[in-house]
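Working notes for the structure below.
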Amino acid sequence: MTTLRLYNTLTRTKEDFGPIDPNNVRMYVCGPTVYDYAHIGNARPAIVFDVLFRLLRHIYGAEHVTYVRNITDIDDKINARALERRGGRNVPVLDVVRELTEQTYGVYRDDVTALGCLPPSAMPRATENIAPMIAMTQALIAGGHAYEAAGHVLFDVSSKPDYGKLSRRSVDDMIAGARVDVAPYKKNPMDFVLWKPSDANTPGWDSPWGRGRPGWHLECSAMIQSTFAGTDTIDIHGGGIDLVFPHHENEIAQSESAHHAHPLAKVWMHNGFLNVEGEKMSKSLGNFVTINELLKDWPGDVLRFNMLRSHYRQPMDWTVAGMRESWNTLERWYVEAGAGVGSGTISQSFLAALSDDLNTPQAIAELHKAGPDDLASGLMLLGFQPQPERLASKANVDADAITALIEARLAARKAKDFKESDRIRDELLAQGIILKDGPTGTTWEVKK
RNA sequence: GGCCUCGUGGCGGAGUGGUGACGCAGCGGAUUGCAAAUCCGUGAACCCCGGUUCAAUUCCGGGCGAGGCCUCCA
């Protein structure tokens with residue numbers, strides 16, 4: 001049996017993966033902040049960790065893997081939009097927040113479903129886990145790891161000697177390189193907020209420190225604790241590479257300080273960033289692409305496949321040319337794999353590639369060498385459904401009309417009326433339909 | 001300024017101390033009424049300079065270049 005190896009940001013090496021409890025493999029991934037439509041960069045962790053989820057289920061059994069992806073619905077951008085949205089209505093701001101985040105989250109859920117991602121085992125929301133956050137804050141204060149100052153509760157970085165171990169930064173270096181003004185009430189410039197006060201127009205909850213709201217990092221620590229009850233340490237914690245510092249570093253500080261220094265996670269995994277047509281995605285450059293927009297022009301499985309053509313830790317360039325190539329490959333494979341669906345075997349070379357720190361480009365290369373059975377099962381393990389009739393490119397055209405024209409063209413060809421047969425071919429091409437004459441007849445596809 | 005990634009053929013993209021994946025495009029052939037599709041075949045790369053080694057694209061050092069984080073961010 002092939003061993004699963006994963007790159008651990010904590011140790012900066014690839015390690016053999018062995019779950020704490022093979023009957024309950026636990027994975028937590030930082031999910032979306034639901035203030036707006038998710039962009040294609042947000043799709044990367046969703047897809048990458050979905051592949052890992054599927055691989056873990058394959059190895060340990062579907063019922064033995066728990067995958068939690070949170071929903072961040074406490075955030076200043078959300079608050080700002082909720083205030084706008086409320087306008088003159090006389091309703092609590094928290095209700096408007098819920099309205100907004102329900103809607104945004106609904107779109108996100110539909111988007112990632114279209115990308116072929118399985119629903120996680122649980123999707124806890126920050127607003128529904130305030131009590132555990134308050135409890136953890138109290139525990140940190142009691143343990144001498146946090147202090148109250150000017151209405152805030154702050155984590156005392158000096159109380160954790162190994163602070164910085166994930167991002168490999170020393171507190172001294174960070175202070176030296178700091179580019180932001182430090183709040184005067186902090187004991188140490190690197191101390192971060194666990195709890196902060198809310199004004200009347202900001203969502204807030206009653207706490208021992210007055211009406212307020214949690215700091216960003218606290219939600220994950222608290223939700224991991226409450227969702228994975230009974231353990232301090234989970235197997236895998238994932239997210240985008242930009243979360244290494246400060247978010248994950250601070251999660252570690254909070255959770256370990258609250259849990260007798262027990263590690264928060266054994267393996268820390270981080271996906272690389274994504275550029276669009278060679279440039280960083282940003283609203284000012286006008287190349288900000290949401291998953292939702294892309295799904296109007298491209299089948300979800302094409303987007304998924306395109307994402308998996310590069311290794312999850314590598315930076316990747318998202319291009320239209322790449323998506324066309326992905327579409328062509330997938331279309332050809334769906335036809336080729338059709339016969340092999342249901343065989344259920346996974347080839348060793350494919351599994352070995354995937355097990356080597358989720359080397360999807362290598363795994364795809366193996367599929368290029370595979371026959372229909374291995375191709376079909378490999379595609380399915382990666383989260384595709386290789387059925388020709390499912391080809392999304394054929395969804396929105398009148399297949400019967402096309403078939404009728406193809407028949408007419410065949411008749412013309414039989415009669416050696418090539419002028420007519422070519423006319424029909426051109427007519428279809430003008431509609432964006434490409435004909436393919438094969439030994440077993442004529443098939444067609446939609447031009448990309 | 002500090003910390004950290006990365007630099008492979010025309011393009012995408014793995015990997016390795018010694019026989020240089022894989023895909024797309026290209027080229028040649030088969031096939032076709034002509035194309036397309038398909039099938040077969042094929043040329044082509046490891047940023048620069050040192051070092052270690054019998055041997056480096058792969059290890060070490062330096063340089064150059066690109067990017068990320070240090071502030072909300074997948």
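The sequence lines fix the lettering, A, B, ..., with proteins before strands; numbering per chain opens at 1.
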Please state the [atom1] separation for the pair [N] and [M] - nearest whole angstrom.
N: B:G65; M: B:G23; atom1: P; answer: 36 Å
N: B:C49; M: B:A44; atom1: C1'; answer: 26 Å
N: B:A45; M: B:U38; atom1: P; answer: 27 Å
N: B:A74; M: B:C69; atom1: P; answer: 11 Å
N: B:A37; M: B:C24; atom1: C1'; answer: 16 Å
N: B:A36; M: B:C27; atom1: P; answer: 11 Å
N: B:C6; M: B:G17; atom1: P; answer: 16 Å
N: B:C73; M: B:C64; atom1: C1'; answer: 30 Å

Tell me if the centroids of the rings in [X] and [Y] come within less than 6.0 Å of each other.
X: A:Phe305; Y: A:Trp333; answer: yes
X: A:His152; Y: A:Trp195; answer: no
X: A:His248; Y: A:His270; answer: yes

The side chain of [X] is closest to which nucleotide in this list: [options]?
X: A:His311; options: B:A14, B:G33, B:G68; result: B:A14
X: A:Phe245; options: B:C69, B:A74, B:G13; result: B:C69
X: A:Asp422; options: B:A36, B:G33, B:G23; result: B:G33
X: A:Phe418; options: B:A14, B:G33, B:G2; result: B:G33
X: A:Ser310; options: B:G33, B:C69, B:A14; result: B:A14
X: A:Lys77; options: B:C34, B:C22, B:C72; result: B:C72
X: A:Trp216; options: B:C73, B:A21, B:U32; result: B:C73

Any carboxylate oxygen within less than 4.0 angstrom of a Lys/Arg side-chain nitrogen, looking at A:Lys369 and A:Asp374? no

Quick one: do A:Arg81 and A:Asp76 make a salt bridge, cutoff under 4.0 Å? no

Watson-Crick or G-U wobble partner for [N], using a 3.5 Å limit on both distances?
N: B:C39; value: B:G29
N: B:G20; value: none
N: B:C72; value: none
N: B:C46; value: none
N: B:G67; value: B:C4

Donor-acceptor contact present, side-chain [X] to main-chain [Y], <3.5 Å:
X: A:Arg69; Y: A:Gly31; value: no
X: A:Asp73; Y: A:Thr127; value: yes
X: A:Ser159; Y: A:Asp156; value: yes
X: A:Ser198; Y: A:Pro203; value: yes

For RNA chain B, which residues in residues 152-167 of chain A have a heavy atom at a distance below 4.0 Å?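 Of all residues in residues 152-167 of chain A, the ones placing a heavy atom under 4.0 Å from RNA chain B are A:Ser167.
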
Given that A:Ile40 and A:Ile364 both sit by RNA chain B, which one's nearest nucleotide is further toward the 5' end?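 Upstream on the strand: A:Ile364.
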
If you pin A:Arg12 and A:Pro246 to their nearest nucleotides in RNA chain B, which one's is more 5'? A:Arg12

Rounded distance [0.5 Å steps], NE2 in A:His217 versus OG in A:Ser255: 12.0 Å

A:Asn129 CG to A:Met133 CE distance, which is reported to the nearest 0.5 Å: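 A:Asn129 CG to A:Met133 CE: 5.5 Å, rounded to 0.5 Å.
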
Between [atom2] of [N] and [atom1] of [X], the distance in whole Å:
X: A:Phe305; N: B:G13; atom1: CZ; atom2: P; answer: 13 Å
X: A:Asp426; N: B:C34; atom1: CG; atom2: P; answer: 17 Å
X: A:Leu308; N: B:C22; atom1: CG; atom2: P; answer: 21 Å
X: A:Ile434; N: B:A36; atom1: CD1; atom2: P; answer: 12 Å

What nucleic acid atoms does A:Gly41 come within less than 4.0 Å of, heavy atoms only: base, sugar-phosphate, or nothing? base

Look at all strands and tell whether A:Gln314 reaches a base, only sugar-phosphate, or nothing, counting heavy atoms closer than 4.0 Å. sugar-phosphate

Contact list (N/O, under 3.5 angstrom) for nucleotides 8-12 of chain B vs protein:
none

Do the side-chain N or O atoms of [X] get closer than 4.0 angstrom to the phosphate oxygens (OP1, OP2) of [N]?
X: A:Trp333; N: B:G23; value: no
X: A:Asn359; N: B:G15; value: yes
X: A:Lys280; N: B:G68; value: yes

Under 6.0 Å from the ring centre and within 45 degrees of the ring axis: does the NZ or CZ of A:Arg44 meet both conditions for the six-membered ring of A:Tyr312? no

Cation-pi check, A:Lys77 to A:Tyr35: give yes when NZ or CZ is under 6.0 Å from the six-membered ring centre and within 45° of the ring axis, no otherwise.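 Output yes; distance and angle both within limits.
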
Under the 3.5 Å rule, do the base of B:A35 and the side chain of A:Asp437 count as making a donor-acceptor pair? yes

Is there a donor and acceptor pair closer than 3.5 Å between the side chain of A:Arg425 and the base of B:A36?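 Absent.
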
Heavy atoms, side chains only, cut-off 4.5 Å: are A:Asn201 and A:Val93 in contact? no

Between A:Leu382 and A:Val51, is any pair of side-chain heavy atoms under 4.5 Å apart? yes

Atom pairs, N/O to N/O, protein against nucleotides 38-40 of chain B, distance under 3.5 Å?
none

Determine, answering yes or no, if A:Phe273 is stacked on B:G68 under the 5.5 Å centre rule and the 30° plane rule. no

